[in-house]
Amino acid sequence: MINLGVNIDHVATVRNARGENHPEPLKAAKLALKSGANSITIHLREDKRHINEKDLKKISKLKKIPLNLEMASTEKMLKIALKYNPSYACIVPEKRQEITTEGGLNLKKNNNKLKKIIKKLNQANIRTSLFVNPSINDIKVAKSLGTKCIELHTGKISNLVKKNKNYQKEFLNIRKCAKYADALNLEVHAGHGLDYKTTKILKKISQIKEYNIGHFIIGESIQYGLKNVIKSFKKILKKT
Ligand code: PXP
């Protein structure tokens, strides 16, 4: 089975724009679960620009669906992960100024720190993953750090597809990396910038077992849901 992880960070982004409680990430997590999502992904950023610790606390209590916590490789985040005990943790790079996670981890730096964090998460039975660029060398390093899974950053292919450019070279690169990681016994995931079209393209790579998708799902849900919400208001506003 190929799993779909639904990233609900942007439900919190919309909520935070008003500083009130609507829409609610917890409700979105429950809806995603009811609709067939295989896991819920949230990224607790250091600046808490979307999901905050209260959200994490509430969502981590939903035991029917695995929670995938995306986290920076810091002691502070490790403590939080061990406290809330998500089923999965995916270590991602984090820069304050970036709009979103722009690339995979820099595995040339901080290897000892990463190794220690992965070890602690593995010991706590939290499934570990590293968000990496599609590079054979990075996958080799990821394996040596003790992670159980890797998530291939699909930003490059997503951009090429969106701009109607030739994506074949990047597709072949991702396929080569997925096969290589699979042969090393790493479970292969993919994420970043995915929409219907890119997901259909990548689905041809049988080694990819999980897709983590956020922005497009939430954006598309707004467009898709608009009709129903407006209908509800028109019903309320109808003269009796
Ligand atoms: N996977 C990881 C590890 C991420 O950090 C993100 C967010 O950048 C995603 C998946 C989801 O990306 P998007 O919101 O573009 O679908």
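Every heavy atom of this structure was used, including side-chain atoms; hydrogens, water molecules and symmetry mates were not. Order of appearance sets the numbers: ligands from 1, and atoms from 1 within every ligand.
- Side-chain atoms of Asn212 and Glu210 form a donor-acceptor pair, as typed in the model, at a separation below 3.5 Å.
- Residues satisfying the salt bridge (charged side-chain N to carboxylate O under 4.0 Å, His left out) test with Arg175, not counting sequence neighbours, are none.
- For the salt bridge (charged side-chain N to carboxylate O under 4.0 Å, His left out) test, no residue two or more places apart in sequence or in another chain qualifies with Glu75.
- Applying the salt bridge (charged side-chain N to carboxylate O under 4.0 Å, His left out) criterion to Lys176, with sequence neighbours excluded, gives no partner residue.
- By the 30° and 60° cut-offs, the orientation of the rings of His192 relative to Phe131 is tilted.
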Walk me through it: do Asn122 and Thr128 pass the test side chain to side chain donor-acceptor pair (under 3.5 Å)? CA-CA 7 Å; Asn122 282 338; Thr128 44; 2.8 Å; yes

Find all protein N or O atoms under 3.5 angstrom from an N or O atom of ligand 1 and list the pairs with distances, or write 'none'.
| from | atom 1 | to | atom 2 | distance (Å) |
| --- | --- | --- | --- | --- |
| ligand 1 | 1 (N) | Glu70 | OE2 | 3.4 |
| ligand 1 | 1 (N) | Glu151 | OE2 | 2.5 |
| ligand 1 | 5 (O) | Glu70 | OE1 | 3.0 |
| ligand 1 | 5 (O) | Thr101 | OG1 | 3.3 |
| ligand 1 | 8 (O) | Thr100 | OG1 | 3.2 |
| ligand 1 | 8 (O) | His192 | ND1 | 3.1 |
| ligand 1 | 14 (O) | His215 | N | 2.8 |
| ligand 1 | 15 (O) | Gly193 | N | 2.8 |
| ligand 1 | 16 (O) | Gly214 | N | 2.8 |
| ligand 1 | 16 (O) | His215 | N | 3.4 |

